[in-house]
Amino acid sequence: MEHTKHTLNELLVGLFNYILYIEEKNLKNNHINLSMTEVHMLESISKASNNTMSHIARRSMITQGTLTTNVNRLEKKGLVERRPDEKDRRITRLYITDKAKEVLAIHDQFHEAMIDKVVEDLKLNDNEILMKSLENLMDYFYTEYAIQEGEQPVYKSES
């Protein structure tokens, strides 16, 4: 069991590092001059169920000040727009632009190819086991994050 734990740790750390490295190279090869942080911020904005600044900051696990800095940079690059809420002008909502959608399409293609490779040889039962294992891992990380932030941990699938 100890060998399995060691190997799994090496695989997860290696996967994390390779994904970030290759993902960034893929963007550069597609002439996209953005950091992975910027791309993931665009992704977070595009996928959020609530596009308010405060929700995006929580979803991205950053402070509102850090979000403001990131949004300022993305806004200057023509990738994000800020708009006041129609009902409550004190609330600022974030929207990605068409230019950002093009970036995310390239980013999504990378992720799709990666996932296709992961599941190409899996049978249905293997797929279910993999999904359950990854859900358990995500639950662990979410719980640890909530504890670190002094919050009550509750598993969430979309924040």
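Just so it is clear, the model here is predicted, and its values are computed rather than measured. In what follows, residues are counted from 1 in the order of the sequence shown.
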Which distance, rounded to the nearest 0.5 Å, do you find between the [atom1] of [X] and the [atom2] of [Y]?
{"X": "Leu67", "Y": "Asn72", "atom1": "CG", "atom2": "CG", "result": "9.0 Å"}
{"X": "Glu24", "Y": "Ile32", "atom1": "CD", "atom2": "CD1", "result": "11.5 Å"}
{"X": "Arg73", "Y": "Ser35", "atom1": "CZ", "atom2": "OG", "result": "6.0 Å"}
{"X": "Glu128", "Y": "Ser133", "atom1": "CD", "atom2": "OG", "result": "11.5 Å"}
{"X": "His3", "Y": "Leu8", "atom1": "NE2", "atom2": "CG", "result": "11.0 Å"}
{"X": "Ile115", "Y": "His111", "atom1": "CD1", "atom2": "NE2", "result": "8.0 Å"}

Going by heavy atoms in the side chains, are [X] and [Y] under 4.5 Å from each other?
{"X": "Lys132", "Y": "Asn136", "value": "yes"}
{"X": "Arg93", "Y": "Asn50", "value": "yes"}
{"X": "Lys28", "Y": "Asn33", "value": "yes"}
{"X": "Leu20", "Y": "His40", "value": "yes"}
{"X": "Thr92", "Y": "Val71", "value": "no"}
{"X": "Met41", "Y": "Ile45", "value": "yes"}
{"X": "Glu23", "Y": "Met114", "value": "no"}
{"X": "Leu74", "Y": "Leu94", "value": "no"}

Applying the 4.5 Å side-chain criterion to the ILVMFWY set and letting contacts propagate, would [X] and [Y] be lumped into a single cluster?
{"X": "Ile91", "Y": "Ile96", "answer": "no"}
{"X": "Leu12", "Y": "Tyr140", "answer": "yes"}
{"X": "Leu137", "Y": "Met131", "answer": "no"}

Is the backbone of Val13 close enough, under 3.5 Å, to the side chain of Asn17 for a donor and an acceptor to pair up by distance? yes
Using modelled atom types and a 3.5 Å cut-off, is there a donor and acceptor pairing between side-chain atoms of Ser46 and backbone atoms of Glu43?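 Checking the backbone N and O of Glu43 against the side chain of Ser46, a donor-acceptor pair under 3.5 Å is found.
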Quick one: do the Arg59 and Asn51 side chains pair a donor with an acceptor below 3.5 Å?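 Distance-only check fails for Arg59 and Asn51.
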When Thr66 is tested against each of Thr69, Asn70, Thr63 for side chain to side chain donor-acceptor pair (under 3.5 Å), which residue passes?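 Only match with Thr66 under side chain to side chain donor-acceptor pair (under 3.5 Å): Thr63.
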Taking all non-hydrogen atoms of both residues, which atom of [X] and which atom of [Y] are closest, and how far apart?
{"X": "Leu79", "Y": "Ala100", "answer": "O-CB, 3.2 Å"}
{"X": "Leu27", "Y": "Leu34", "answer": "CD1-O, 4.3 Å"}
{"X": "Thr68", "Y": "Arg82", "answer": "O-NH2, 3.5 Å"}
{"X": "Val39", "Y": "Leu104", "answer": "O-CD2, 4.0 Å"}
{"X": "Phe110", "Y": "Asn26", "answer": "CB-ND2, 3.6 Å"}

So with a 6.0 Å cut-off around [atom1] of [X], is the heavy-atom count from everything else above 12?
{"X": "Glu112", "atom1": "CD", "result": "no"}
{"X": "Tyr95", "atom1": "OH", "result": "yes"}
{"X": "Met36", "atom1": "CE", "result": "yes"}

Does the pair Lys99/Glu102 count as a salt bridge with the N-to-O cut at 4.0 Å? no
